[in-house]
There are 2 protein chains.
Amino acid sequence: MKNRIKELREQKGLTQEQLGKLIGTSRQAINAIETEKFEPSIWIAYDIAQAFGCAIEEVFLFEESTKKSRAEISRRDHNGNS
Amino acid sequence: MKNRIKELREQKGLTQEQLGKLIGTSRQAINAIETEKFEPSIWIAYDIAQAFGCAIEEVFLFEESTKKSRAEISRRDHNGNS
DNA sequence: ATATAAAGTAATGTTAACCTTACTTTAATT
DNA sequence: AATTAAAGTAAGGTTAACATTACTTTATAT
């Protein structure tokens, strides 16, 4: 999902590692979320937003993103939907 | 995590099943999240909030909740932090 | 009392979001 | 050119958030 982590992170002069430590997660997790490799858990999303003094929706851009939720895929697999 | 799903859902006159269908997830997932059996994924959290016309933080009460994140547990296990 | 809707719960299976370790690439500095 | 910090990436392992199916409990209404 699209996000503004890099923008907000650099605004605060933080490295991925520093942000990770700040919220208690790994540097790689920050990197993967920032580069849209995977979706954040709700707590990590919240903690990141908090670190920037933002609401979750200000950091993670749901509307501009496409979700490939497991639910959809699973449902498609099971009942032959497009 | 604490949430206001039941309150908001009943305000809209929706059953768990109807809410599930509305956002494309299972009745059981709605139930489990509503009764705090597990944490919602960020997309389900967003979809539920959208269904109620709320921000995620208005539906899910992070501040009043305690997070038992895998990260914390894992890190404690590995390097003996308190 | 019985039928039905809604909610709760449980078992089983899959998957992706993490973790750690470790290697590579890029960019900046000297 | 060489060093170093930061970012990127990958492999392997664990776990929890789902899905599905199915059974039980709790209203509510007839």
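In the text below, chain A, chain B and the rest are named by the order of the sequence lines, each starting its count at 1.
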Contacts under 3.5 Å, N or O only, protein and nucleotides 23-30 of chain C:
none

Next on the checklist: Tell me whether the side-chain N/O atoms of A:Asn31 come closer than 4.0 Å to OP1 or OP2 in D:dG8.
Outcome noted: yes

Item to check | Short side-chain N/O contact to D:dG8 OP1/OP2 from A:Gln16, under 4.0 Å | outcome: yes

Item to check | Any residue of residues 6-15 of chain B with a heavy atom less than 4.0 Å from an atom of DNA chain D | outcome: none

Next on the checklist: Going by salt bridge (Lys or Arg N to Asp or Glu O under 4.0 Å), name the pairs with one or both residues in residues 40-65 of chain A, residues two or more places apart or in two chains.
Outcome noted: A:Asp47-B:Lys67

Item to check | Aromatic plane relationship, B:Tyr46 with A:Phe62 - under 30° parallel, 30 to 60° tilted, over 60° perpendicular | outcome: parallel

Next on the checklist: Rounding to an integer number of Å, can you tell me how far A:Tyr46 OH sits from C:dC18 P?
Outcome noted: 17 Å

Checklist entry - Counting side-chain heavy atoms from CB outward, which of D:dA19, D:dT9, D:dA17 is closest to B:Thr25? => result D:dA19

Checklist outcome for this item: One should read off an interatomic distance between A:Ser26 OG and A:Ile44 CD1, to the nearest 0.5 angstrom, of 7.5 Å

Checklist entry - Which nucleotide in the set C:dG8, C:dC18, C:dT9 lies at the smallest distance from any side-chain heavy atom of A:Ser41? => result C:dC18

Checklist outcome for this item: Between CD of A:Glu34 and P of D:dA7 the distance, given in whole Å, is 7 Å

Checklist entry - For B:Ile5 and C:dG8, what is the distance between atoms CD1 and P respectively, to the nearest whole Å? => result 11 Å

Checklist outcome for this item: Considering only heavy side-chain atoms of B:Glu39, the closest of D:dA17, D:dA19, C:dC18 is D:dA17

Checklist entry - Rounded to the nearest 0.5 Å, how far does NZ of A:Lys2 lie from CZ of A:Phe60? => result 15.0 Å

Checklist entry - Out of D:dT9, D:dA19, C:dC18, which nucleotide sits closest to the side chain of A:Lys37? => result D:dT9

Checklist entry - Given C:dG8, C:dC19, C:dT9, which nucleotide is nearest the side-chain atoms of A:Ala29? => result C:dC19

Checklist outcome for this item: To the nearest 10 degrees, the angle between the two end axes of the helix from C:dA1-D:dT30 to C:dT30-D:dA1 (five pairs per end) comes to 40°

Checklist entry - If only side-chain N and O atoms of A:Thr35 are considered, is one of them under 4.0 Å from the OP1 or OP2 phosphate oxygen of D:dG8? => result no

Checklist outcome for this item: Sorted by chain and number, sequence neighbours left out, side-chain contact (heavy atoms from CB on, under 4.5 Å) with A:Ala49 holds for A:Ile56, A:Val59

Checklist entry - What pair of heavy atoms forms the shortest contact from B:Ala45 to A:Ile42, and how long is it? => result CB-CD1, 3.3 Å

Checklist entry - Under 3.5 Å, is there a donor-acceptor pair between the side chain of B:Asn3 and the main chain of B:Ile33? => result yes

Checklist entry - Given side chains that start at C-beta, do those of B:Ile48 and B:Arg9 come closer than 4.5 Å, heavy atoms only? => result no

Checklist entry - Whole-Å distance between C:dA16 P and A:Ile42 CD1? => result 19 Å

Checklist outcome for this item: Judged by nearest nucleotide, the residue sitting upstream toward the 5' end of DNA chain D, B:Ile30 or A:Glu17, is A:Glu17

Checklist entry - CZ of A:Phe38 versus C1' of D:dA16: gap in Å, rounded? => result 14 Å

Item to check | Rounded distance (Å) that lies between atom C1' of C:dA17 and atom CD of A:Gln28 | outcome: 14 Å

Indicate every side-chain donor-acceptor pair of residues 16-23 of chain A with a distance under 3.5 Å to a residue at least two apart or in another chain.
residue: A:Gln16; atom: OE1; partner: A:Asn31; partner atom: ND2; Å: 3.0
residue: A:Gln16; atom: NE2; partner: A:Glu34; partner atom: OE2; Å: 3.4
residue: A:Gln18; atom: OE1; partner: A:Thr15; partner atom: N; Å: 3.0

Checklist entry - Could you give the CH2-to-P distance, from A:Trp43 to C:dC18, as a whole number of Å? => result 14 Å

Next on the checklist: Hydrophobic cluster membership, with links at side-chain heavy-atom distances under 4.5 Å among I/L/V/M/F/W/Y: are A:Leu61 and A:Ile5 in one?
Outcome noted: no

Checklist entry - Side-chain contact, heavy-atom cut-off 4.5 Å: A:Met1 with B:Trp43? => result yes

Item to check | Separation of C:dA16 P from A:Ile33 CD1 (nearest whole Å) | outcome: 15 Å

